Amino acid sequence: MQIRNLDYTYNKVVQAAQKMPGLLRAIGVAYQPSVEPVEVPPTTFASRSFDVTSVLDLFCSRATLTLTLGPEEVVVDLQHSAGNINRAREYADLGHVTRVRRCGGCFGVSSNAGTFYPGWGCSGDVVSAVIQEMRERMFARGNVGQIKKQEAMMAQLVEVNKEMQLVCDTLNLKYPPSAEDMANIYGSNTPSIPPEVPFQGLGEQVALKSYDVGDSCDALDQCVHTCGLSGWTRHTLELRENEMVMLEKNRCIDMDVKVPYAQLGSVDYHKACWCCYSINTGPQMRISPGWGCNQALTQEIAAELQERKVKRGNIAQLKQLEWMSSSAIELDIKSDLWLHSRSLQFPPNPQIIQRMYGSNPPRALTSSPGAPHLQPSKSFEVKSFDVTNTCNQICCCMFSLGLAGCVKTTLVLEEEEAFSQSNSWCHHSGTRRPYAHLASVDVEESCGCCYAISGVASPGCGCNQDLVAEIAAELQERKVKRGNIAQLMIQENITNKISMVNAKIDTIAFDMSENETKF
């Protein structure tokens, strides 16, 4: 669970930040931190269960449905005569949580955990309570909570690094150390000096914006089909700090859909019939302002969503973690320089550990953290592939009587996203999907000679096995090195390094208290 790991690591960083000012004073340096090192207890939630059984399901299949909102995940428990089904989903994976409507006055709640219509469908209080609870937990324990915690941890790491650099400057400890100094400290197990990771732009905030994105075609259709009872439906898109909110309102409906930017799997920009423009960002989230012909507004919204997806989503999370990993390694090496300058052994002998911590020594001194994950993330070059499907090309040309021409599809593997672009004379579509949001990229084979990657590409006549295998291998590596797997591995490395830095700072502080005459 990423958020729990971040909670633990954040408090470890704060502990180091709390100790450093005292150590600086001990060597004659006065320093006032610009960020107060205060431990923040993690936001916790009690488990809460809701009976979301639909009367129709109960009557037809005698099935009961219970939705349990636990501290870290949603659990859906389906019980019926044929057996029980139990599935769980973390709050970071809920996607959007919204009120949905069917059959006039029947309301339910929809998310990636499923769609539920409690009771007769008129249980508005239950639906509202479920939505409120799920959104609160998503915000605190999901992607939004993760990125906020990372930003707070980055601010503390900046302070600790400043303080550790002051120590090095005061004691004339050169960083990065020379090869000779590294060999004297580490012997044959010399670590690599971490590459400098740019800090600028990490944690960048975005401005709040609002757009009138009412779809006039859809509003007219609803008005006609309800004989005017619904009135004219209005849609407003609000781009907030960490989420997009779609507001829908008419005489019968007043609802919203909230989607964190980290859950935007893709921002799809489409042009059809030469003059109709739209954006798709997920289920029930098609945006086509006015009568569909407002190209400038559609492109502006697509660009805003793409920027926020990069700055406040999974891409930003990984870049922040890469910076924190580099910073943690730098702190570890600087603390080793300090230990070496005082001729201190690390880890200390058991008697010293007992005197320092009593019967409760930290895990960094009692158990091996294991080997670090080597190169958990990496940068990639941009690669481009022509993935035009010949069959689609022929069909598009035939069914449009030649007016559309031939469709050409290109897949560009960028540094952080896979960009698929399809063009014809009257059609254009583009999809950008972060590697963290890629599902399976396995090669599918059919009819003994046709090869494809589902939802990604089936180039040529479908028989180009080598090209499909090459694309699949590229996507798989990028999914691992720029996606959620990389985030988890980097988090583990950071946690182990910061825990070790804390133990080294404790060792130095204990030695100072025992041997004050050394300074």
Side-chain angles (χ1 to χ4, degrees), residues 9 11-33 35 37 156-194 196 324-369 372 493-519:
T9 309
N11 284 331
K12 284 294 180 183
V13 173
V14 169
Q15 288 171 18
Q18 291 170 338
K19 299 166 188 172
M20 285 302 299
L23 294 179
L24 283 170
R25 286 193 296 272
I27 61 174
V29 178
Y31 181 78
Q32 180 62 41
V35 179
Q156 296 292 346
L157 272 174
V158 167
E159 285 299 319
V160 178
N161 256 311
K162 287 180 182 177
E163 293 163 339
M164 194 64 81
Q165 187 58 49
L166 280 173
V167 170
C168 292
D169 294 341
T170 304
L171 303 181
N172 296 317
L173 305 175
K174 183 182 177 182
Y175 183 89
S178 65
E180 182 181 355
D181 289 340
M182 293 287 279
N184 289 336
I185 296 173
Y186 299 104
S188 59
N189 297 320
T190 301
S192 300
I193 300 295
E196 185 174 346
M324 287 191 285
S325 177
S326 175
S327 183
I329 296 172
E330 182 178 328
L331 277 174
D332 190 46
I333 294 175
K334 287 178 179 177
S335 61
D336 283 332
L337 288 171
W338 198 358
L339 285 167
H340 184 69
S341 72
R342 296 182 66 85
S343 302
L344 294 177
Q345 171 189 334
F346 189 86
N349 63 52
Q351 292 77 19
I352 296 295
I353 294 176
Q354 172 68 26
R355 291 174 61 191
M356 288 171 59
Y357 300 104
S359 59
N360 190 30
R363 285 184 295 175
L365 296 176
T366 58
S367 60
S368 173
N493 285 349
I494 294 171
T495 301
N496 292 335
K497 282 295 179 188
I498 293 299
S499 297
M500 198 63 69
V501 167
N502 258 299
K504 291 174 181 178
I505 290 175
D506 287 342
T507 302
I508 294 168
F510 179 79
D511 183 66
M512 283 183 172
S513 66
E514 294 285 301
N515 306 283
E516 292 180 350
T517 56
K518 280 196 175 184
F519 280 91

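In this chain, numbering begins with 1 at the start of the sequence shown. For clarity, every value in this text was computed on a predicted model and none was experimentally measured.
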What is the distance from atom [atom1] of [X] to atom [atom2] of [Y], rounded to the nearest 0.5 Å?
{"X": "Met164", "Y": "Leu337", "atom1": "CE", "atom2": "CG", "result": "9.5 Å"}
{"X": "Lys497", "Y": "Asp332", "atom1": "NZ", "atom2": "CG", "result": "4.0 Å"}
{"X": "Ile508", "Y": "Ser335", "atom1": "CD1", "atom2": "OG", "result": "6.5 Å"}
{"X": "Ile193", "Y": "Ile333", "atom1": "CD1", "atom2": "CD1", "result": "4.0 Å"}
{"X": "Asn502", "Y": "Leu331", "atom1": "CG", "atom2": "CG", "result": "10.0 Å"}
{"X": "Ile329", "Y": "Ile498", "atom1": "CD1", "atom2": "CD1", "result": "10.0 Å"}

Give me the atom names and distance for the closest heavy-atom approach of [X] to [Y].
{"X": "Val160", "Y": "Ala16", "value": "CG2-C, 4.4 Å"}
{"X": "Pro194", "Y": "Tyr175", "value": "CD-OH, 3.7 Å"}
{"X": "Pro21", "Y": "Ala17", "value": "CD-O, 3.0 Å"}

Please identify each residue that fulfils salt bridge (Lys or Arg N to Asp or Glu O under 4.0 Å) with Arg355, with sequence neighbours left out.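 By the salt bridge (Lys or Arg N to Asp or Glu O under 4.0 Å) rule, Arg355 matches Glu514.
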
Any residue meeting salt bridge (Lys or Arg N to Asp or Glu O under 4.0 Å) with Glu330, in chain and number order, not counting sequence neighbours: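 With sequence neighbours excluded, Glu330 shows a salt bridge (Lys or Arg N to Asp or Glu O under 4.0 Å) to Lys334, given in chain and number order.
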
Ser341 side-chain N/O to Trp338 backbone N/O, donor-acceptor pair under 3.5 Å: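 Judged by distance alone, yes, a pair lies under 3.5 Å.
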
If we ignore hydrogens and angles and just use 3.5 Å, is the side chain of Gln345 paired with the main-chain N or O of Pro347 as donor and acceptor?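 Present.
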
4.5 Å side-chain heavy-atom contact, [X] and [Y]:
{"X": "Val167", "Y": "Leu23", "result": "no"}
{"X": "Leu24", "Y": "Glu163", "result": "yes"}
{"X": "Ile27", "Y": "Met512", "result": "yes"}

List the atom pairs, with distances to 0.1 Å, where a side-chain N or O of residues 179-188 and a protein N or O form a donor-acceptor pair under 3.5 Å, not counting sequence neighbours.
{"unit_1": "Asp181", "atom_1": "OD2", "unit_2": "Ser178", "atom_2": "OG", "d": "3.3"}
{"unit_1": "Asn184", "atom_1": "ND2", "unit_2": "Glu180", "atom_2": "O", "d": "3.3"}
{"unit_1": "Tyr186", "atom_1": "OH", "unit_2": "Asp336", "atom_2": "OD2", "d": "2.5"}

For Asp169, enumerate each residue passing the side-chain hydrogen bond (donor to acceptor under 3.5 Å, both in side chains) test, keeping only those at least two apart in sequence or located in another chain.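 In terms of side-chain hydrogen bond (donor to acceptor under 3.5 Å, both in side chains), with neighbours along the sequence ignored, Asp169 is linked to Gln165.
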
Sequence neighbours left out, what passes side-chain contact (heavy atoms from CB on, under 4.5 Å) with Pro348? Give chain and number order.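 Testing Pro348 for side-chain contact (heavy atoms from CB on, under 4.5 Å), a comparison that skips the adjacent residues, returns Phe346, Ile352, Ile353, Met356, Leu365, Thr507.
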
Can you pull the salt bridge (Lys or Arg N to Asp or Glu O under 4.0 Å) pairs that have at least one residue in residues 14-29, sequence neighbours excluded?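 Listed by first then second residue: Lys19-Asp506.
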
